[in-house]
Amino acid sequence: MSFGRKLLQGAGILLVASGLAKALSLLTLPYLTAQLSPQIYGEAALVSTLISLLSVIALAGMDMSYSRAYFGIEGARTEQVEALIWRRSQVHAMLAGAVGALLWHVYALRHAELHSHFAILVGLGISGSLLSSLAQTRARLQSRYYRLAVAVFFSAALSYGIMLWLAGSAEVSEYALVSGYAAAYLLLVVILGMPVSVGFRNKSEALNPAVAKSILMVGLPGIVTAPAYWVVASSDRWFLNAYADIATVGVYAVAVSIGTIGMMLNNAVLSAWVPEIIREYESNPEEAHESIGSVQALVIVGYALVCLWVCALAPDLLALLVDVRFHDAVRFVPWLAIGVFFHGCIHLFVSSLLLKHKMNISAAIWIFVLVGSLTGNYLFVPDYGAQGAAIVQAFAFATAAFCMIIMAHRCYATKWLTLSLILKLIAIVLGAYLIIYLPQLDLQISILYKLLVLTLLTLSIFFWAIKDKIIKNIFQNT
């Protein structure tokens, strides 16, 4: 099976699961936003960002090391690699969970509007997030996309079930969102499982220290890149809490839930992208740059279309789904959606650095973007609030994407930039103008008009792409 076909097959399975999970999120929004206040949403946003920060720091790039070494490295078998990674990850998970719980407890005690007793849920969420990241990496490396899809959907279903149940009780409603987040991470680990390897018990499976160090060093720049990504994607909520109030954070969090719908496609592609691109490169290093570049171009068009769909339909979705207290979120969604587009592009091209063991370049780029993001939030959030935060995030991701593309081209150039891609992107931009300058219409008419324009544009791009060589390659066995 060709590289492109394997990628689309894996990504397609995960996209369906992510789509169903997102559908649950959207279907529960009317009830949750009616039952829960912006303050509760704001506190949950702070908790979720703290969980993501500490879990990626504790992960220390082990998911990247796992991916790069899994298919073979001199002096190490797969079982030994797994034993090394999972032993360290379990220790890191426990320590990070304890540190996170303590940090939240101390921070909440200093802010009367926050709940210090969320500390236990924070600790569980951090441990679960770290282990679930590795469990998902392992499932992708083993091409167990169906099981991963099942895990994604059922963890989401449990999460939203808990949220709905707790939100209906005034006594414990503040626990609803945070409990749902923690439960989702833990269920992912339960469904996907962890390896039962003799390497956990038998010293004969231990790696040579030099080999173990070389494996861990591949992903070590993740200690920089992952927190830097967190700063760009999540620190804005902490700036808003400092310069505005927790209710503003809650409204912004709802905007994020709509504006980041495109992350379904990003995550689905990324889940299959890293293992498949490594397989393609290891099996065919001389010609891989052509096949990889062709798929990159196709995925970029997909990202752009999703961005347009989200920007166009966001006002109508918010009017239909959320309580009036959250309607101001519509102003922030387009910038967040644009940021998601560039986020996807970043991960398409950072893989070239991974293939050439040049992740230190990625770390340098993220440090540069981190400084710019912090500076931008410091300058613009006090005066422009959530609107400033969303704009800073979009520009930060765009800067990272352009830097990553330039450096990836220098390390391992792929043939992705073609006239066909440029013309498709121009067509998408022109389609956006047909929607941006739409006069005020009734909600139902507005939705129908937008759906018509978006569907015609998407189909036109699809049939146009059918004539491209990559489409033929994707459905052609090798």
Side-chain angles (χ1 to χ4, degrees), residues 10 13-25 28 44 47-48 50-52 54-56 58-60 62-63 66-67 70 78-79 81-101 118-166 172 175-201 263-264 267-268 270-272 275:
I13 293 168
L14 297 176
L15 183 58
V16 170
S18 299
L20 292 173
K22 193 64 180 181
L24 291 176
S25 170
T28 57
V47 168
S48 66
L50 179 62
I51 288 173
S52 65
L54 293 184
S55 63
V56 296
L59 189 58
M62 286 187 288
D63 54 337
Y66 198 3
S67 298
Y70 186 84
T78 297
E79 295 81 3
V81 172
E82 288 204 315
L84 170 70
I85 297 297
W86 282 94
R87 276 200 305 264
R88 297 179 74 93
S89 68
Q90 289 173 350
V91 175
H92 287 203
M94 290 186 290
L95 291 176
V99 170
F118 282 179
I120 295 176
L121 293 173
V122 170
L124 290 173
I126 292 169
S127 298
S129 176
L130 190 158
L131 294 175
S132 69
S133 294
L134 283 180
Q136 290 176 77
T137 298
R138 182 169 181 259
R140 294 192 296 266
L141 291 170
Q142 296 176 345
S143 297
R144 297 162 67 185
Y145 295 117
Y146 284 106
R147 184 165 184 172
L148 180 54
V150 169
V152 168
F153 174 74
F154 279 103
S155 64
L158 174 67
S159 174
Y160 291 113
I162 290 173
M163 291 180 189
L164 292 172
W165 174 48
L166 295 178
V172 292
Y175 287 93
L177 300 177
V178 179
S179 298
Y181 297 154
Y185 291 129
L186 295 172
L187 186 60
L188 274 171
V189 179
V190 171
I191 295 177
L192 295 175
M194 294 185 288
V196 181
S197 169
V198 293
F200 290 108
R201 302 181 299 272
M263 287 297 290
M264 291 190 305
N267 291 335
L270 180 60
S271 293

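Quick caveat, the model's predicted, so the values are computed rather than measured.
Ser48 is linked by a side-chain contact (heavy atoms from CB on, under 4.5 Å) to Tyr181, counting only residues two or more places apart in sequence or in another chain. Residues passing the side-chain contact (heavy atoms from CB on, under 4.5 Å) test with Ala176, sequence neighbours excluded: Leu36, Leu166, Ala167. By the side-chain contact (heavy atoms from CB on, under 4.5 Å) test, Leu20 pairs with Val16, Phe153, sequence neighbours left out. For Thr137, the side-chain hydrogen bond (donor to acceptor under 3.5 Å, both in side chains) partners at least two apart in sequence or on another chain are Arg140. Scanning for side-chain hydrogen bond (donor to acceptor under 3.5 Å, both in side chains) contacts around Ser129 gives Ser55, with sequence neighbours left out. Listed by chain and number, the residues in a ring pair (Phe, Tyr, Trp, His ring centres under 6.0 Å) with Phe154 amount to none (sequence neighbours excluded). When the side-chain hydrogen bond (donor to acceptor under 3.5 Å, both in side chains) test is applied to Ser25, the partners found at least two apart in sequence or on another chain are Tyr160. Considering only residues two or more places apart in sequence or on other chains, Ser132 meets the side-chain contact (heavy atoms from CB on, under 4.5 Å) condition with Gln136, Tyr185, Leu188, Val189. Annotation: side-chain hydrogen bond (donor to acceptor under 3.5 Å, both in side chains) contacts of Ser89 (sequence neighbours excluded): none.
Between Ala157 and Leu24, the shortest heavy-atom distance links the atoms CA-CD1, 3.7 Å. Residue Ala149 comes nearest to Ile13 through the heavy atom pair CB-CG2, 3.7 Å, listed as atom of the first residue, atom of the second, then distance. Counting all heavy atoms, side chain and backbone alike, Ile191 lies closest to Ala151 at CG2-CB, 3.7 Å. Here the closest heavy-atom approach between residue Gly193 and residue Ala135 is recorded as O-CB, 3.9 Å. Minimum heavy-atom separation, Ser127 to Ala93: OG-O, 2.8 Å. Heavy atoms only, all atoms of each residue included: Ile162 and Gly180 are closest at CG2-N, 4.1 Å.
Other residues, nucleotides and ligands contribute at most 12 non-hydrogen atoms within 6.0 Å of the CD1 atom of Ile120.
For the atom pair Leu134 CG and Arg88 CZ, the distance stands at 12.0 Å (nearest 0.5 Å). Rounded to the nearest 0.5 Å, atoms CD1 (Ile51) and CG (Leu124) are 9.0 Å apart. The line from OG of Ser143 to CG of Leu148 is 11.0 Å long, rounded to the nearest 0.5 Å. A distance of 4.5 Å separates CD1 in Ile126 from CG in Leu54, rounded to the nearest 0.5 Å. For the atom pair Leu164 CG and Ser159 OG, the distance stands at 9.5 Å (nearest 0.5 Å).
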query = Going through the checks in order, is the side-chain contact (heavy atoms from CB on, under 4.5 Å) test met by His92 and Met62?
reply = CA-CA 11 Å; His92 287 203; Met62 286 187 288; 3.7 Å; yes

task = Evaluate the side-chain contact (heavy atoms from CB on, under 4.5 Å) criterion for residues Arg138 and Met194: first the C-alpha distance (whole Å), next the side-chain angles of each, then the deciding distance (0.1 Å), finally the verdict.
result = CA-CA 9 Å; Arg138 182 169 181 259; Met194 294 185 288; 6.0 Å; no

Check against side-chain contact (heavy atoms from CB on, under 4.5 Å), Leu50 and Val122 = CA-CA 8 Å; Leu50 179 62; Val122 170; 4.0 Å; yes

Pair Leu14-Asn267, side-chain contact (heavy atoms from CB on, under 4.5 Å): steps then yes or no = CA-CA 8 Å; Leu14 297 176; Asn267 291 335; over 6 Å; no

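Applying the ring-ring contact (aromatic ring centres under 6.0 Å, His included) test to residues at least two apart or on different chains, the pairs with a partner in residues 118-144 are His115-Phe118, Phe118-Tyr175.
The shortest distance between side-chain heavy atoms of Val47 and Leu121 does not fall below 4.5 Å.
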